[in-house]
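First comes the structure, then the notes that go with it.
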Amino acid sequence: MATTHTKSAARAMMAPSVIALLIWMAVPLAMTLYYSTLGYSLYNPISTPFVGFDNYSYFLSDPTFSAALVNTLILVVGVLCITVGGGILVALLLDQDFYGVNVVRLLVIAPFFVMPTVAALVWKNMMMNPVYGVIGQFLSSIGLQPIDWMTEVPLLSIIIIVAWQWLPFATLILLTALQSLSSDQKEAAEMDGAGALSIFWYITLPHMSRAITVVILIQTIFLLSIFAEILVTTNGGPGSQSTNLTYLVYQQAISFGDVGAASAGGIVAVILANIVAIFLVRLIGKNLDA
Amino acid sequence: MARRVTQRRKIGMTVLAWAVGLLIFFPILWTFLTSFKSELTAISIPPQFLFFDWTTENYATIYEQSNYFHYMMNSIYLSLGSTALGLLFAIPAAWAMAFSPTPRTKDILLWMLSTKMLPAVGVLIPIYLLFVNFGLLDSRLGLIVVLFLINLPIIVWMLYTYFKEIPGEILEAGRMDGATLRQEITQILAPMAVPGIASTVLLNIILAWNEAFWTLNLTTSNAAPLTAFIASFSSPQGNFYAKLSAASMLAIAPILILGWFSQKQLVRGLTFGAVK
């Protein structure tokens, strides 16, 4: 008697959140799917004929789309390499015994709290500007030719900015994993004469592997949707050199008013994200049982 | 002898760690310093590091010329509003999941998580058009609802992991002693749940404050928060480094301080309990 009562109470307590998220997910997604089959322009919203898969074939055959897809992958993989590689190194460093551990920790995690528009503009103007930027001035002072980051290597510039924002996240999570490693194992290995490098390779790295997977999956989900950093720095250019999928869909919708094609692009983005999401949900689900 | 080696090693590590830390922190430090320079000093070649005429004129200009406080108030409204709404929905849900779990609880949790993985751009168009139709474009209310919905899964998850740590036996003991449901909640559970709720609030404020997809796409001026205010510096005002720096410092300082306090919870919240 009491249990059925608690159960229905529990259901009632969960209902608002579940219903809110269900509506939030299902309604717009269904609308996007619907729009993606229409020839729908914001400049002529009266006539919206059904066009089947035309938007998809238009979007997928648009050379900008393949460029954006490649850029999206380069952006995600590039940032992942820097943040995971750098994150492991910085986490190992922060795990050492040194003076001012807590202050250095604060310095390292700070970039994560900087809002995307600030991070992007500070880097674009004050770091990467070829004349007045700190990097440019540093390069000239040692006799090298400063480069115009945003026009010569736009995608790399964005990778650097985004990696700077996400390095703290990777570091913090890897450090948390590192600190849960018992020192017994390491000491035993040291007694057996293992070097620092083989201890890292055979003990530390396998111990961190799950945290590394989590970092990769979670970051990928956020990195697929990078937007503000591109909007305030390169606007996707020059040409489409720094346009990712998110930015392309935004352009189609807001600048060209092509609701149909933008919706088709949105659906493509959803499918891509889902591929990653399946792995992440499985991994976290497993952890939930443990 | 061994001690001297470790001591030397520790000093070496200190130098290395501080160098790396300062390198990573440098863009923020540089923004901070530049915000106290005159525009001319800000672009001087070679750059001035510490020995320049410190001035607060940029902050004064931001205060006088731009509607800085309008944007800041919007950021505050949006982050506090969406967080409050989130708690209202998430506390009962997480509570039920933690204290009367059913075989389906896990599925519901994972499903909630999967909604977080829906890329925003996949629903940009319908949300935009709905906002236009309902007159919600550039309104705080509309944005509060969107920010609430995108962060709801994280709030539920975080609260769930905290609530799960509250031992159920305490409740039973309370019941044995004849505590009513109301006493159970206000006197036994609430005090134990407060730290978890506080960290959830902190993380959610940070996430909402820095959200820069919906806030940029769904606002123009009326409801625009600091993310949009800073975006307006992208050109040509971006050439005024000192003013850009001052505006940037004002926009990030509150969250930087909140974030430094909540670094532990950050790991937990953003990995959905997968790494603690």
Side-chain angles (χ1 to χ4, degrees), chain A residues 6 10 13-14 16-17 20-21 24-25 28-29 31-32 35 90 93 96-99 104 106-110 113-118 121-123 125-127 132 134 137 172-173 176-177 211 214 221 224-225 227-228 232 246 249 253 259 262-263 266 269-270 273 277 281 284-285 287-288, chain B residues 10 13-14 17-18 20-21 24-25 27-28 30-31 43 45-47 89-90 92-93 95-96 100 106 110 112-115 117-127 149 152 156 206 210 212-213 216 227 230-231 233-234 238 241 244 248 251-252 255-256 259-260 263 267 271-272 274-275:
Chain A
T6 344
M13 285 161 87
M14 276 189 276
S17 294
L21 282 175
W24 165 246
M25 195 173 84
L29 203 56
M31 287 172 76
T32 307
Y35 290 144
V90 179
L93 186 62
Q96 305 294 319
D97 180 31
F98 61 87
Y99 297 104
V104 173
L106 290 185
L107 296 181
V108 169
I109 63 167
F113 305 113
V114 175
M115 58 175 65
T117 43
V118 167
L121 283 180
V122 163
W123 273 91
N125 294 309
M126 286 152 59
M127 298 290 124
Y132 305 115
V134 176
Q137 299 209 16
L172 208 52
I173 286 173
T176 310
V214 170
I221 287 171
L224 282 172
S225 306
F227 172 74
V232 300
T246 302
V249 174
V259 171
S263 298
V270 170
V281 167
I284 290 175
N287 186 57
L288 212 56
Chain B
K10 189 170 176 178
M13 275 300 163
T14 306
W18 276 87
V20 170
I24 294 173
F25 190 70
I28 301 174
W30 191 246
T31 309
I43 53 168
I45 300 176
F89 277 66
W95 195 275
S100 31
K106 191 187 138 187
L110 289 178
M112 284 188 166
L113 175 70
S114 70
T115 67
M117 295 167 196
L118 187 71
V121 77
V123 294
L124 167 66
I125 291 118
I127 297 296
L149 286 165
L152 182 59
V156 172
I206 295 170
N210 288 343
F213 181 78
L216 292 179
T227 45
I230 298 295
F233 277 79
S234 58
Y241 288 6
L244 169 66
S248 296
I252 65 172
I255 282 316
L256 202 55
W260 275 338
Q263 35 168 323
V267 174
T271 59
F272 300 95
V275 176

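Please read all numbers here as calculations on a predicted model, not as lab measurements. Lettering follows sequence order; numbering is per chain, from 1. The analysis underlying the following values was restricted to heavy atoms, covering all of them including side chains, and did not include hydrogens, waters or symmetry mates.
Proximity to chain A (any heavy atom under 4.5 Å) is shown, for Leu149(B), by both the backbone and the side chain. Contact of Ile221(A) with chain B is made through the side chain alone, with heavy-atom distances under 4.5 Å. With a 4.5 angstrom heavy-atom cutoff, Ser225(A) touches chain B only via side-chain atoms. For Tyr99(A), the parts lying under 4.5 angstrom from a heavy atom of chain B are both the backbone and the side chain. Contacts of Leu21(A) with chain B are made by both backbone and side-chain atoms, with heavy-atom separations under 4.5 Å.
Met13(A) is linked by a side chain to side chain contact (heavy atoms under 4.5 Å, CB included) to Pro92(B), Trp95(B), Ala96(B), counting only residues two or more places apart in sequence or in another chain. Applying the side chain to side chain donor-acceptor pair (under 3.5 Å) rule to Thr227(B) yields the partners Thr215(B); only residues at least two apart in sequence or on another chain are considered.
Annotation: side chain of Leu118(B) is in contact with side chain of Met25(A) (closest heavy-atom distance under 4.5 Å). Two residues are said to be in side-chain contact when any heavy atoms from C-beta on lie closer than 4.5 Å; Leu216(B) and Phe227(A) meet this criterion. Side-chain atoms of Leu93(A) and Val20(B), non-hydrogen and from C-beta on, do get closer than 4.5 Å to each other. In this structure the side chain of Leu224(A) never reaches within 4.5 angstrom of the side chain of Pro119(B), judged on heavy atoms.
Note on Ile206(B), Val121(B), Asn210(B): by heavy-atom pairs under 4.5 Å with chain A, the leading option is Asn210(B). Of the listed residues Ser114(B), Gly259(B), Ala90(B), the one with more heavy-atom pairs under 4.5 angstrom with chain A than any other is Gly259(B). In terms of non-hydrogen atom pairs under 4.5 Å with chain B, the most contact-rich of Val114(A), Val90(A), Leu106(A) is Leu106(A).
At most 12 heavy atoms of other shown residues, nucleotides or ligands fall within 6.0 angstrom of atom OH in Tyr132(A).
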*Phe213(B) and Thr246(A): side-chain contact (heavy atoms from CB on, under 4.5 Å), yes or no, with the steps?*
CA-CA 10 Å; Phe213(B) 181 78; Thr246(A) 302; 3.9 Å; yes
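Taking both residues in full, the closest heavy atoms of Ala110(A) and Leu256(B) are given as O-CD1, 3.5 Å, listed atom of the first, atom of the second, then distance. Closest approach of Met126(A) and Leu244(B) over heavy atoms only: SD-CD2, 4.4 Å. The two residues Val156(B) and Ser17(A) have their closest heavy-atom pair at CG2-OG, 4.4 Å. Across Ile24(B) and Leu107(A), no two heavy atoms sit closer than the pair CG2-O, 4.4 Å. The minimum heavy-atom distance linking Leu29(A) with Gly122(B) is given by the pair CD1-O, 4.5 Å. Scanning both residues, Val122(A) and Pro27(B), for their nearest heavy atoms gives CG1-O, 4.0 Å.
Here Trp260(B) contributes atom CH2 and Ile109(A) contributes atom CD1; the two are 8.0 Å apart, rounded to the nearest 0.5 Å. Distance check, rounded to the nearest 0.5 Å: CZ of Phe113(A) to CD1 of Ile252(B) gives 11.5 Å.
No side-chain donor-acceptor contact under 3.5 Å links Tyr35(A) to the backbone of Pro126(B).
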